[in-house]
Amino acid sequence: MAADERVINMIRIRNNTDIYYIRGDDETIGFTATIPDGGEVTDYTGVFSVKKDYSDTSYILQVPLQNKSVSLTHDSTKNIEPGDYVWDIEIILANGRHQAIGPGEMHILPDVTTD
């Protein structure tokens with residue numbers, strides 16, 4: 001990468017569960033699923049889900065996991081109303097068991113420049 005080329009990551013995760021994200025940004029959240037003894041879980045699928053409130057039946061955003069990460073894209077988030085939301089990641093293990101990571105709060109911040 002040339003000296004004048006920089007990648008600026010604006011996503012912030014605080015308290016291990018609170019996500020601060022500027023809507024419309026292209027960001028990737030990577031994570032590692034582990035078992036209690038510290039071993040890594042490798043064979044699973046999953047989905048990252050965002051709702052306005054835990055009791056809502058509809059989702060603001062759902063993104064399938066790819067390569068142990070969640071990719072938030074400009075196109076998938078540019079029209080989300082800034083505000084406070086809740087999130088979790090549900091993983092499905094190879095043996096069919098469902099496990100949740102999170103939940104936490106997701107604070108979607110407004111962007112100044114929009115398209």
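Computed from a predicted structure; not experimentally measured.
A distance of 13.5 Å separates OH of Y44 from CD of E90, quoted to the nearest 0.5 Å. The CG atom of L72 sits 9.5 Å away from the CG atom of D25 when rounded to the nearest 0.5 Å. Atom CD1 of I89 and atom CD of Q62 lie 12.0 Å apart (nearest 0.5 Å). Taking CG of D111 as the start and CD1 of I80 as the end, the distance is 11.0 Å to the nearest 0.5 Å. Atom OG1 of T73 and atom CG of L61 lie 8.0 Å apart (nearest 0.5 Å). The structure places CD of E105 at 10.5 Å from CD1 of I19, a figure rounded to the nearest 0.5 Å.
Side chains of L65 and I91 form a contact here, defined as non-hydrogen atoms less than 4.5 Å apart. Here the side chains of W87 and P103 are not in contact, with every heavy-atom distance at 4.5 Å or above. Counting only heavy atoms from C-beta outward, the side chains of P82 and L109 never approach each other to under 4.5 Å.
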Requested in this report: Give the intermediate values and the outcome of side chain to side chain donor-acceptor pair (under 3.5 Å) for residues D53 and S55.
Outcome: CA-CA 5 Å; D53 187 77; S55 62; 2.7 Å; yes
Report task. Test Y20 against I108 for side-chain contact (heavy atoms from CB on, under 4.5 Å), laying out the working first. Result -> CA-CA 6 Å; Y20 293 79; I108 298 184; over 6 Å; no
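Judged by distance alone, the side chains of D84 and H107 do bring a donor and an acceptor atom under 3.5 Å apart.
Side-chain N or O atoms of H98 include none that pairs as donor or acceptor with a backbone N or O of I92 at under 3.5 Å. Using a distance-only test at 3.5 Å, with no hydrogens or angles considered, a donor-acceptor pair links the side chain of K51 to the main chain of D56.
P110 and I22 get closest at one heavy-atom pair: O-CG2, 3.9 Å. In this structure, T77 and R23 approach most closely via the heavy-atom pair O-CB, 3.6 Å.
For the side chain to side chain contact (heavy atoms under 4.5 Å, CB included) test with M106, the passing option among I60, T17, D88, V50 is V50; the others fail.
Enclosure of atom CG in N95 by more than 12 non-hydrogen atoms of other residues, nucleotides or ligands within 6.0 angstrom is indicated. Heavy atoms of other residues, nucleotides or ligands lying less than 6.0 angstrom from CD of Q66 number 12 at most.
Put simply, F48 and I101 are part of the same group of oily side chains (I, L, V, M, F, W, Y) that touch within less than 4.5 Å, one to the next. Note on Y85: it clusters hydrophobically with V70, by side-chain heavy-atom contacts below 4.5 Å among ILVMFWY residues.
For the salt bridge (charged side-chain N to carboxylate O under 4.0 Å, His left out) test, no residue two or more places apart in sequence or in another chain qualifies with E81.
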